[in-house]
Participant: 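Structure in structure tokens, see below.
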Amino acid sequence: MRWLALEAFDPAPVAVALTTGPDHRVAYTNLAFRTHVGDPPLGEPLADAFSRSARRDYGGLFDHVLATGEPVSIVEAPVRTASSADPDRFLSVSLSRFAHGPPGVLVIAVDVTEQVAAARRADRATKEQERIRRRFESLVWLSAQIVWAADPSGRLTESSEGWERATGQSCAESRGDGWSDVLHPDDRDAALRSWREACGRARPWHYTYRVRGVDGGYRHYDVHAAPVFEGDVVVEWVGTCTDVEEEWQERQRRELLDRAAAAAGEQTGLDGMFGALADVLVPALADGCGVHLLPDLVDRPPGAPIVARRIATASRGGVRRQPPTGEERFSPDSGFARAIKGRRPLRRTFPPGRPPEDLLPRTTSAWLTQAQATSVVLLPVVVDGTVAAAVTAARRGDRAPLGPADIALMKQVFTHTHDALSSAVQYHRTQQLALALQHSLLADPPVLADLDIAARYVASPAAAGVGGDWYDSFVLPDGATVLAIGDVVGHDLAAAVEMSRLRNMLRVLTADRLTPPSEILRRLNIAMETVDPEATATCVLSRVEEPEPGRWRFTYAVAGHPPPLLIVPGGGRFLDDVADPLLGSPLNQPYHSATEPLPPGSTLLLYTDGLVERPGEDLDASLDRLRRHASALAPRPLEDFCDALLDAMPSTGTDDIALIALRVRP
């Protein structure tokens, strides 16, 4: 019956066993015991049922309980099978004397294997965290230039000697937020705000700011900080500061050169390119910058002044900018002239607002005074072996004066963009030469007693600055006044040269034989086959004469050119009775003339296609616009009429415009 009582423990979730006699033979085991501890045969002594270590560790306890009746408890007892050296399970065991039959020991055991494993994992994690922390701190102290610690709220508690050596600020002075006192004023607020946000989130912090050194200058430092946890609570912060000035300078140099190349690549004109580069230098290197374009010093007559044309300026936010354009003259003995001839950069430092005299352009010196600048660099920019421009860069306020490293970087900017500058300089020189040629050929109209004549020429800003558009007016030996306008195909120096040749041939042919304009254009077309067979041009050639007092007439021929516009008090109309092929046509055919009376007060307008043609617009619509504007403006004086007409007509900026107007006085 007693065994039946023990069998009541069979479904119990705890392990139960009974041993009897001095050999502690196994008399009973329930299912949980057999599952978690082992399944020894009934009747087998304890010494044979379990491992030697179990007999050694627990055999005496069984003897003691059987002999004395005192219960024994064992916490986290490892259990090993006879064939294993490692514990399979961990049990909390209770041994008590069983007296309901033959004397024995009742064993009740609870499996605590999972609890023991979890506790040991937590212990290992704690030890691993401590080991990593010790390793981190060792590495930090070995490798970092400056090490510091802060309390959980982020207030500095200690700093290494490296901080005081770098900044002159003692550990006591740096505590709390005192360390921020040596940060650059522009970086201080942002750095404190970022640091407090990191502390609030308990996240690692990485930041770069400028720190004032013992010499008063600023250097860039990389800062890393990490929170130290105990459990889920931040107990302190550990951080490092590393001087990265050289790396920062190199990174800035690469970024600056990349920006300069991109800015120069987006421009074609010299003014725009130097303006873009000035915007790159400010504020990265300077608080203000100006660029003066220089003439070719090689061809300058001895003793002649140097004329510098300011083409670009830039300034930092909050600083008044110099006027972007202007012209200044320098004597050949001035400091500016000597600096340009020497082709070497000059650097000057001075008290705030007191720049050196005779070295800089007058407007630049005035700007330096007004801006309270403290240093300036004058850099000659050499392009294709010629000093093309002079760049002045200045700093003010609490920025360190421009130094040799800044000058070297400025030179790299212009060296890095030399190819783009070379193309722009060549473009500019071609433009200036062509414009000079064009204006030398576009002579002022003659002053007459009964006729007013006015002319205008507008070069295209989008092309090479000059093309083949031209006008002409002169008086023939028979008293007739010639009006001519034309357009040689092209927008470059070659077109201007061809225009000059065509204009001169037309003058000679017109003055040589006093024949109708159509005959002169025919002869010019034949001459072009010999002089320049590849050239093509359009032209309107006309004679304005007074066959009887007070009666004026207009005789004209049109070779592929837009028709003349005649404006009378009642309105305006185009004179399109004749239209012949353009000049340069291989066809040897006659040209035709037409004659139109010019009433008193009438206005006659000859123009090139740049005044009317618009991409995607029908030419008739463009011509009608011109007619309406010209008719409305005709009451104005002739000079005002020409200016107002140019303002009223929309321009694409892609073509030159030439016009010449004649008015018969009332």
Side-chain angles (χ1 to χ4, degrees), residues 430-431 434-435 437-443 445 454-474 482-507 509-510 517-518 520-522 524-525 527-529 531-542 556-565 574-576 578-585 591 604-615 617 619 622-623 626 630 642 645-646 649-662:
T430 300
Q431 180 190 52
L435 281 173
L437 173 62
Q438 184 113 24
H439 286 292
S440 70
L441 296 173
L442 300 178
R456 296 290 186 270
Y457 173 80
V458 180
S460 164
V466 69
D469 291 28
W470 57 276
Y471 61 81
D472 201 2
S473 179
F474 52 92
V482 173
L483 287 185
I485 198 163
D487 185 0
V488 175
V489 175
H491 292 91
D492 52 20
L493 183 58
V497 171
E498 183 57 38
M499 177 272 291
S500 170
R501 182 184 300 160
L502 179 65
R503 171 187 174 275
N504 290 335
M505 285 195 299
L506 187 62
R507 272 201 167 209
L509 292 174
T510 303
S518 57
I520 297 171
L521 291 184
R522 186 188 68 80
L524 178 61
N525 188 47
M528 288 177 62
E529 293 182 15
V531 175
D532 193 346
E534 301 299 325
T536 56
T538 66
C539 180
V540 173
L541 179 64
S542 66
Y556 64 98
V558 178
H561 200 86
L565 175 62
F574 291 102
L575 306 180
D576 51 8
V578 291
D580 293 310
L582 54 77
L583 299 171
S585 173
Y591 283 71
L604 186 68
L605 177 68
L606 308 184
Y607 53 93
T608 58
D609 55 8
L611 185 66
V612 291
E613 289 187 350
R614 302 291 173 272
E617 183 179 61
L619 182 59
S622 302
L623 291 172
L626 173 63
C642 292
L645 188 60
L646 288 172
M649 293 296 291
S651 173
T652 63
T654 59
D655 200 359
D656 305 334
I657 297 174
L659 62 85
I660 185 167
L662 177 143

Participant: Does any non-hydrogen side-chain atom of L541 lie less than 4.5 Å from one of L524?
Facilitator: no
Participant: I'd like to check the side-chain contact (heavy atoms from CB on, under 4.5 Å) partners of A454; sequence neighbours left out, ordered by chain and number.
Facilitator: R456, L638, E639, C642
Participant: So which heavy atom on S585 is nearest to which on N525, and how close?
Facilitator: O-ND2, 3.2 Å
Participant: Can you tell me if S473 uses its side chain to pair, donor with acceptor, with the backbone of V482 under 3.5 Å?
Facilitator: yes
Participant: Can you give me the closest heavy-atom contact between L506 and T510, atom names plus distance?
Facilitator: O-OG1, 2.7 Å
Participant: Indicate the atoms forming the closest heavy-atom contact of I660 with A484, along with that distance.
Facilitator: CG2-O, 4.2 Å
Participant: Which heavy atom of A630 sits nearest a heavy atom of L645, and at what distance?
Facilitator: N-CD1, 4.0 Å
Participant: How long is the gap from CZ on R503 to CH2 on W470, to the nearest 0.5 Å?
Facilitator: 8.0 Å
Participant: If we count only N and O atoms by modelled type, under 3.5 Å, do the side chains of T608 and D469 hold a donor and an acceptor together?
Facilitator: yes
Participant: Side-chain contact test, heavy atoms from C-beta onward, threshold under 4.5 Å: evaluate it for T538 versus D609 and give yes or no.
Facilitator: no
Participant: From E617 CD over to L623 CG, what is the distance, rounded to the nearest 0.5 angstrom?
Facilitator: 9.5 Å
Participant: In the structure I gave you, are the side-chain heavy atoms of L659 and L646 within less than 4.5 Å of one another anywhere?
Facilitator: yes
Participant: Could you tell me the separation between the CD atom of E498 and the CE atom of M528, rounded to the nearest 0.5 Å?
Facilitator: 6.0 Å
Participant: If we ignore hydrogens and angles and just use 3.5 Å, is the side chain of S622 paired with the main-chain N or O of V612 as donor and acceptor?
Facilitator: yes
Participant: In terms of the angle between their ring planes, are F574 and Y607 parallel, tilted or perpendicular, with boundaries placed at 30° and 60°?
Facilitator: perpendicular
Participant: According to ring pair (Phe, Tyr, Trp, His ring centres under 6.0 Å), who are the partners of Y556, at least two apart in sequence or on a separate chain?
Facilitator: F554
Participant: Out of curiosity, N504 CG to M499 CE, how far, rounded to the nearest 0.5 Å?
Facilitator: 9.5 Å
Participant: Without swapping roles, check the side chain of Y591 against the backbone of A579 for a donor-acceptor pair under 3.5 Å.
Facilitator: no
Participant: Once rounded to the nearest 0.5 Å, what's the spacing between atom CG of D487 and atom NE2 of H561?
Facilitator: 7.0 Å
Participant: Calculate, to the nearest 0.5 Å, the distance between atoms CG and CG belonging to L611 and L605 respectively.
Facilitator: 7.0 Å
Participant: V540 and P564: which non-hydrogen atoms are nearest, and at how many Å?
Facilitator: CG1-CG, 4.1 Å
Participant: Just so I know, are the side chains of L575 and L604 near enough to count as touching, which here means a heavy-atom distance under 4.5 Å?
Facilitator: yes
Participant: Sequence neighbours excluded, which residues qualify as side-chain contact (heavy atoms from CB on, under 4.5 Å) partners of A557?
Facilitator: P517, S518, L521, S593
